[in-house]
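All remarks here apply to the structure that follows.
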Amino acid sequence: MNTISKDDLTRLFQSVFDGTPDLIVRSPGRINLIGEHTDYNNGFVLPATISQAVYVAMRRREDGVIHLYAADYEEKVNADVAALAPTATWADYILGVADQFQKAGHALPGFELVMTGNIPMGAGLSSSAAIECAVAFGLNEMLQTGYDRLQLVKMAQAAEHAFAGVRCGIMDMFASMFGKKDHAILLDCRSLDYRYVPLAMDGYNLLLFNSNVKHSLASSEYNVRRQECEEGVALLQTEYPEISDLRDVTQEMLAAFEGRMPRNVFKRCSYVVGENARLLAACDDLESNNIAALGKKLNQTHAGLSEAYEVSCPELDFLAQAALVHPAVEGARMVGGGFGGCTINIVREGFADDLAGSVSNAYRQKMDKITEVYHVVTDDGTSLL
Ligand code: GLA
């Protein structure tokens with residue numbers, strides 16, 4: 001991975017817009033150890049921020065025009081602050097956040113922005129949330145609006161809903177903004193209480209395999225899953241009016257509903273109920289460095305996402321299974337929303353290269369596809385550079 005310095009960003013900005021930027025923001029991508037599709041169900045998640053990040057260099061303008069340049073696409077987009085609307089391009093992650101500032105009552109004067117980064121796109125590592133967080137953080141500085149990190153997280157999430165059309169949960173933005181090197185964040189997505197859990201994993205490494213596929217189902221099916229879970233909660237509430245989310249439901253309560261819910265709704269609910277419980281137990285494994293037990297839970301999560309939640313795909317299933325064949329692997333599962341992106345793997349120290357070689361070969365031979373391999377290095381959340 002190439003590192004990107006403040007000088008690189010300043011030079012890049014100068015080459016596109018004359019002069020120097022007012023500020024530069026770095027906002028990282030994330031992995032999630034366990035707790036997938038639980039955030040919008042007001043459950044628990046356990047993400048950690050990684051060293052791959054998005055960088056934006058910004059400068060204020062006073063003429064009501066926004067000039068954007070994405071260095072990695074070599075594309076420019078201009079927009080008028082008085083007429084912000086989705087464009088169905090990468091610019092939406094920036095314009096959507098600008099729109100949230102306006103909706104909150106802050107008239108935008110205009111700005112120039114250059115963006116670059118090294119989070120692989122479409123890999124389930126939250127490159128879009130990282131852009132949104134970087135822009136929210138940058139506008140907050142530029143306009144001196146004084147929002148705290150949590151308020152910026154909520155604006156970034158609202159931007160994703162409004163401009164990208166994905167009814168995502170809060171995990172990705174929260175992780176990008178609140179990440180801490182060498183730690184995962186145990187976040188309660190209902191109360192938004194959180195605590196940092198040391199990600200020591202003595203004797204083990206985390207490795208990602210990028211499937212290099214992103215199926216078109218990703219965002220439409222995501223919204224469908226959210227609806228199915230809401231439908232499940234509504235049905236459960238007919239008997240248990242006190243529950244508000246699937247985390248309030250036990251497997252026993254759910255079992256009684258098996259014949260009283262559409263089959264798909266029952267399957268989605270049973271996965272989410274299991275995943276919340278699994279995550280809380282996984283935190284104990286992590287804290288006691290019982291990595292074998294943690295790994296087993298990752299495998300169960302993958303099975304649940306693949307069979308009950310149905311958000312995996314043949315490529316992800318293949319990568320997870322191919323890794324588990326290796327004796328040094330304790331756990332493997334898909335990460336993020338699904339339908340493509342990466343798998344995350346827990347591998348004993350000293351065996352990462354061997355594993356990478358065998359999984360890449362198998363993926364090429366059996367699936368005729370190339371995988372990229374990333375070593376997970378954790379890092380801090382959004383900051384000024
Ligand atoms: C995507 C969403 C998150 C979360 C994950 C699945 O990354 O943006 O909010 O729901 O999928 O855990």
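Each ligand, and each atom within it, is numbered from 1 in the order the structure gives. As a basis for the values below, the full set of heavy atoms in this structure was taken, side chains included, without hydrogen atoms, waters or symmetry mates. Note that this is a predicted model, so its numbers are computed, not measured.
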Legend entry - Residue Y40 vicinity, atoms of ligand 1 by number, heavy atom under 4.0 Å: 10 (O)
Inset, instruction - Classify the ring geometry between F174 and F178 as parallel (under 30°), tilted (30 to 60°) or perpendicular (over 60°). - result: parallel
Inset, instruction - Could you check whether the rings of F351 and H326 sit parallel, tilted or perpendicular, using 30° and 60° as the cut-offs? - result: perpendicular
Inset, instruction - Go through ligand 1 atom by atom and flag the ones less than 4.0 Å from a non-hydrogen atom of R30. - result: 7 (O)
Legend entry - Nearest neighbour in protein (non-hydrogen) for atom 7 (O) of ligand 1: D172 OD2, 2.8 Å
Inset, instruction - Would you mind reporting whether Y69 and E112 have side-chain heavy atoms less than 4.5 Å apart? - result: no
Inset, instruction - Pull out every atom of ligand 1 sitting under 4.0 Å from any heavy atom of Y222, numbered as shown with elements. - result: 1 (C), 2 (C), 3 (C), 4 (C), 9 (O), 10 (O), 11 (O)
Inset, instruction - Can you pull out the closest protein heavy atom to atom 3 (C) of ligand 1? Residue, atom name and distance to 0.1 Å, please. - result: D39 OD2, 3.3 Å
Legend entry - Parallel, tilted or perpendicular: ring planes of Y271 versus Y309, cut at 30 and 60 degrees: tilted
Legend entry - Identified side-chain contact (heavy atoms from CB on, under 4.5 Å) counterpart of L23 within the set V56, L385, L384: L384
Legend entry - D317-S312 side chain donor-acceptor pair, cut-off 3.5 Å: yes
Inset, instruction - Could you list the atoms of ligand 1 found under 4.0 angstrom from a heavy atom of M171? - result: 4 (C), 5 (C), 12 (O)
Inset, instruction - Check whether any heavy atom of G336 sits under 4.0 Å from an atom of ligand 1. - result: yes
Legend entry - Contact check: I170 vs ligand 1, nitrogen or oxygen atoms, below 3.5 angstrom: no
Inset, instruction - Indicate the ring-plane relationship of Y240 and F257, choosing parallel, tilted or perpendicular according to the 30° and 60° boundaries. - result: tilted
Legend entry - Donor on one side chain, acceptor on other, T238 and R260, under 3.5 Å: no
Legend entry - Under 4.0 Å to a heavy atom of G169 - the qualifying atoms of ligand 1, by number: 9 (O)
Inset, instruction - Give yes if a backbone or side-chain nitrogen or oxygen of H37 is under 3.5 Å from a nitrogen or oxygen of ligand 1, and no if not. - result: yes
Inset, instruction - Kindly confirm or rule out an N or O of T38 lying under 3.5 angstrom from an N or O of ligand 1. - result: no
